[in-house]
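All chains are named by letter (A, B, ...) in the order of the sequence lines, taking the proteins before the strands, and each is independently numbered beginning at 1.
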Amino acid sequence: MLDIKWMRENRDALAEAMRKLNDNTAPWEQALALDERRREILTRVEALRAERNSGSKGIGLLMREKKTAEANALKEEMGRIGDEIDGLDAELRTVDAYFEDAMLRIPNIPEPDVPVAEDESGNQVVKEWGTPPTFDFEPKAHWDLAEKLDIIDFERGVKIAGSRFYVLKGPAARLQRALINWFLDVHTAEHGYTEVYPPFLVREQAMLGTGNLPKFGDVLYRDAEEDYWLIPTAEVPVTNLHRDEILEAGTLPRSYVANTPCFRREKVSAGKDVRGIKRVHQFQKVEMVKFVEPEHGREELEKLTRDAEELAERLGLPYRRVAIATGDLSFVAAIKYDIELWAGGCQEWLEVSSCSLFRDFQARRANIRYRPEEGKGTEFVYTLNGSGLALPRVIIAILENYQQADGSVVVPEVLRPYMGGLEVIA
RNA sequence: GGAGGGAUGGCCGAGUGGACGAUGGCGGUUGUCUUGAAAACAACUGUGGCAGUGAUGUCACCGGGGGUUCGAAUCCCUCUCCCUCCGCCA
């Protein structure tokens with residue numbers, strides 16, 4: 001959520017930002033109009049309340065002095081004011097509801113250095129690491145490799161749960177577990193993150209806090225009878241750890257890492273990427289989340305992004321960092337880098353991490369504040385997050401890049417201690 | 001799932017319709033005293049909205065939402081969470 005005061009005072013900058021985002025649907029003009037109307041009513045209703053408050057006190061005094069007739073006359077007058085307040089209150093409530101809803105549907109403002117473009121065609125590769133492997137044979141896609149090795153069971157996944165579900169088996173299941181454990185060990189032991197195990201089902205309020213609702217309910221799974229939503233990423237429960245809290249400045253930055261399943265309806269992309277495990281309804285992901293002071297936002301984004309990239313480097317997987325353009329930026333992000341791994345079989349760059357700075361956008365929604373050491377009062381924290389990393393696509397990259405002519409797959413060295421010393425999946 | 005009890009400021013805890021944004025204690029900040037510290041004493045010590053350049057004024061907030069009333073922390077309804085007992089269960 002944006003700061004309404006800032007919106008009032010920077011109407012032009014706001015309009016310019018929405019233009020850059022290529023978003024014609026954001027109800028920012030409605031929000032500003034509703035805000036004006038809201039304040040108008042508020043001023044009037046509060047003046048009436050002040051009048052009624054002092055009148056009511058007067059009634060109390062008169063009653064004590066047994067001046068019943070005067071008290072009754074005053075009661076009648078206050079009753080009339082009360083009716084007027086009720087009328088304005090009802091109007092205020094309606095205006096407020098529309099105002100809140102509009103505010104929740106306005107996207108974040110991009111950072112000044114985000115590439116400006118209408119859509120993803122403006123995304124910029126800002127860094128490349130490693131060399132895509134070359135093969136002296138025809139490299140296979142992971143679905144072929146996995147089927148031959150009998151380590152991913154696509155058919156039974158579909159039998160049990162439908163399309164876009166899969167079963168990891170034997171060495172593939174263990175490879176995923178090895179990756180998760182190694183990721184968590186690196187982040188906690190070397191990068192200063194605290195591991196958490198959060199709920200995978202959350203209340204609507206939590207989804208509103210991170211910005212997944214109200215706009216993106218169509219990609220979420222939910223309980224039909226109760227207020228439970230399945231998390232699409234650990235970002236949701238972990239960011240909400242500190243909802244409605246005031247953190248002491250000395251305890252910032254706070255860095256958390258969590259390994260959770262992620263559930264996504266992937267409704268928008270039906271028919272796309274149906275083969276393999278590139279786009280699925282359920283997958284495991286290790287997610288990093290930070291709460292920081294505003295002045296350290298950008299610096300922490302760089303650190304977070306490096307924390308993710310380092311994993312790819314140590315796995316020996318070629319990757320590139322992509323700066324996402326304004327028109328392709330997610331609703332909540334002020335700036336976002338995607339990390340994409342090269343997959344030598346299907347010859348594609350696969351997004352395995354999105355590292356974002358949200359500034360105070362999520363913190364305003366979730367009411368996460370801190371007390372600055374200097375000065376008084378409270379400020380909203382800045383939140384950040386990024387995957388480190390999403391499992392299925394890392395598995396794809398390992399299978400495809402480390403494949404050998406006979407269809408076997410070499411296990412990256414850093415993972416061998418986590419695989420019981422296994423060197424080759426054959 | 002059934003029955004009952006509860007939720008008050010950073011923490012503990014009082015308050016059952018009228019001067020209560022809320023007694024008191026703890027904690028915190030500042031000051032006095034002291035060479036310094038402790039102790040003692042004193043003052044201050046919640047969050048946010050609106051109007052105003054400002055001093056300031058005003059409104060809201062006693063778990064969330066709604067209602068009754070001239071007036072609600074206090075009465076009623078509802079939701080959430082916590083506790084006790086019963087049932088069930090990895």
Do A:Val286 and A:Leu184 pass the side-chain contact (heavy atoms from CB on, under 4.5 Å) test, and can you show the C-alpha distance, the side-chain angles, and the key distance before you say yes or no?
CA-CA 7 Å; A:Val286 171; A:Leu184 290 170; 4.0 Å; yes

Listed partners of A:Asp23 passing salt bridge (charged side-chain N to carboxylate O under 4.0 Å, His left out), at least two apart:
none

Say you pick atom P in B:rG57 and the same atom in B:rC62; how far apart are they, in whole Å?
23 Å

Which is it for A:Thr383 and A:Gln362 under the side-chain hydrogen bond (donor to acceptor under 3.5 Å, both in side chains) test, yes or no, and what are the steps along the way?
CA-CA 7 Å; A:Thr383 59; A:Gln362 289 182 327; 2.8 Å; yes

Spacing between A:Lys57 atom NZ and B:rG17 atom P, to the nearest angstrom:
19 Å

Under the salt bridge (charged side-chain N to carboxylate O under 4.0 Å, His left out) rule, collect the residues that match up with A:Glu313, sequence neighbours excluded.
A:Arg306

Tell me the interatomic distance from A:Ile85, atom CD1, to B:rA72, atom P, rounded to whole angstroms.
10 Å

Hey, are the side chains of A:Thr260 and A:Pro198 touching, using non-hydrogen atoms and a 4.5 Å cut-off?
yes

Stepwise, does the salt bridge (charged side-chain N to carboxylate O under 4.0 Å, His left out) test hold for A:Glu91 with A:Arg37?
CA-CA 10 Å; A:Glu91 197 184 345; A:Arg37 180 79 191 116; 2.3 Å; yes

Non-hydrogen atoms of A:Tyr193 and A:Lys290 that approach each other most closely
OH-CE, 3.1 Å

Nearest to the side chain of A:Met78 - B:rG21, B:rC70, B:rG67?
B:rC70

Taking NZ, NE, NH1 and NH2 as the nitrogens, is one of them in A:Lys169 or A:Asp150 under 4.0 Å from a carboxylate oxygen of the other?
yes

When every nucleotide of nucleotides 45-63 of chain B is labelled 5' to 3' by its protein contacts under 4.0 Å (heavy atoms), B for base, S for sugar-phosphate only, - for none, what sequence of letters results?
--SSBSS------SBS---

Do A:Arg164 and A:Glu266 sit within salt-bridge range, that is, some charged N less than 4.0 Å from a carboxylate O?
no

Report the residue (A:Arg203 or A:Gly79) whose heavy-atom-nearest nucleotide on RNA chain B is the more 5′ of the two.
A:Gly79

Rounded to the nearest angstrom, tell me the gap between atom CE in A:Met63 and atom C1' in B:rG17.
11 Å

Please measure how far the P atom in B:rG18 lies from the corresponding atom in B:rU34, and state the result in whole Å.
49 Å

Test item: A:Asp153 side-chain N/O and A:Arg156 main-chain N/O as donor-acceptor pair under 3.5 Å
yes

Pair assignment for RNA chain B - dot-bracket with | for other-strand partners, Watson-Crick or G-U under 3.5 Å
((((((((.[[[..)..(.....]]]((((((.......))))))((((((....)))))).[[[[[..)....]]]]])))))))....

Can you measure A:Glu245 atom CD to B:rG10 atom P for me and round it to whole angstrom units?
13 Å

Sticking with atom C1', work out how far B:rC26 lies from B:rA14, rounded to a whole angstrom.
15 Å

Whole Å only: how far is the CD atom of A:Glu84 from the P atom of B:rG71?
14 Å

In whole angstrom, give me the gap between the C1' atoms of B:rU69 and B:rC77.
16 Å

Can you check the distance between B:rG9 and B:rG63, where both ends of the measurement are the P atom (answer in whole Å)?
8 Å

B:rG13 and B:rG6: how far apart are their P atoms, nearest whole angstrom?
15 Å

I'd like the P distance from B:rA39 over to B:rU29, given in whole Å.
12 Å

Between atom CD in A:Glu204 and atom P in B:rG64, what is the gap in whole Å?
18 Å

Looking at A:Arg359 and A:Glu111, is any side-chain nitrogen of the basic one under 4.0 Å from a carboxylate oxygen of the acidic one?
yes

Salt bridge (charged side-chain N to carboxylate O under 4.0 Å, His left out), that's the test. Do A:Arg38 and A:Asp35 meet it? Break it down for me.
CA-CA 5 Å; A:Arg38 183 180 66 103; A:Asp35 172 56; 2.9 Å; yes

Rounded to whole angstroms, how far apart are CG on A:Asp86 and C1' on B:rC70?
12 Å

Find the distance A:Asp89:CG to B:rG65:P and express it as a whole number of Å.
13 Å

Please enumerate all residues that pass side chain to side chain contact (heavy atoms under 4.5 Å, CB included) together with A:Glu413, with sequence neighbours excluded.
A:Arg416

At a cut-off of 3.5 Å, list every protein nitrogen or oxygen paired with a nitrogen or oxygen from nucleotides 88-90 of chain B, distance to 0.1 Å.
none

When you compare B:rG66 with B:rU23, how far apart are their C1' atoms, in angstrom units rounded to a whole number?
30 Å

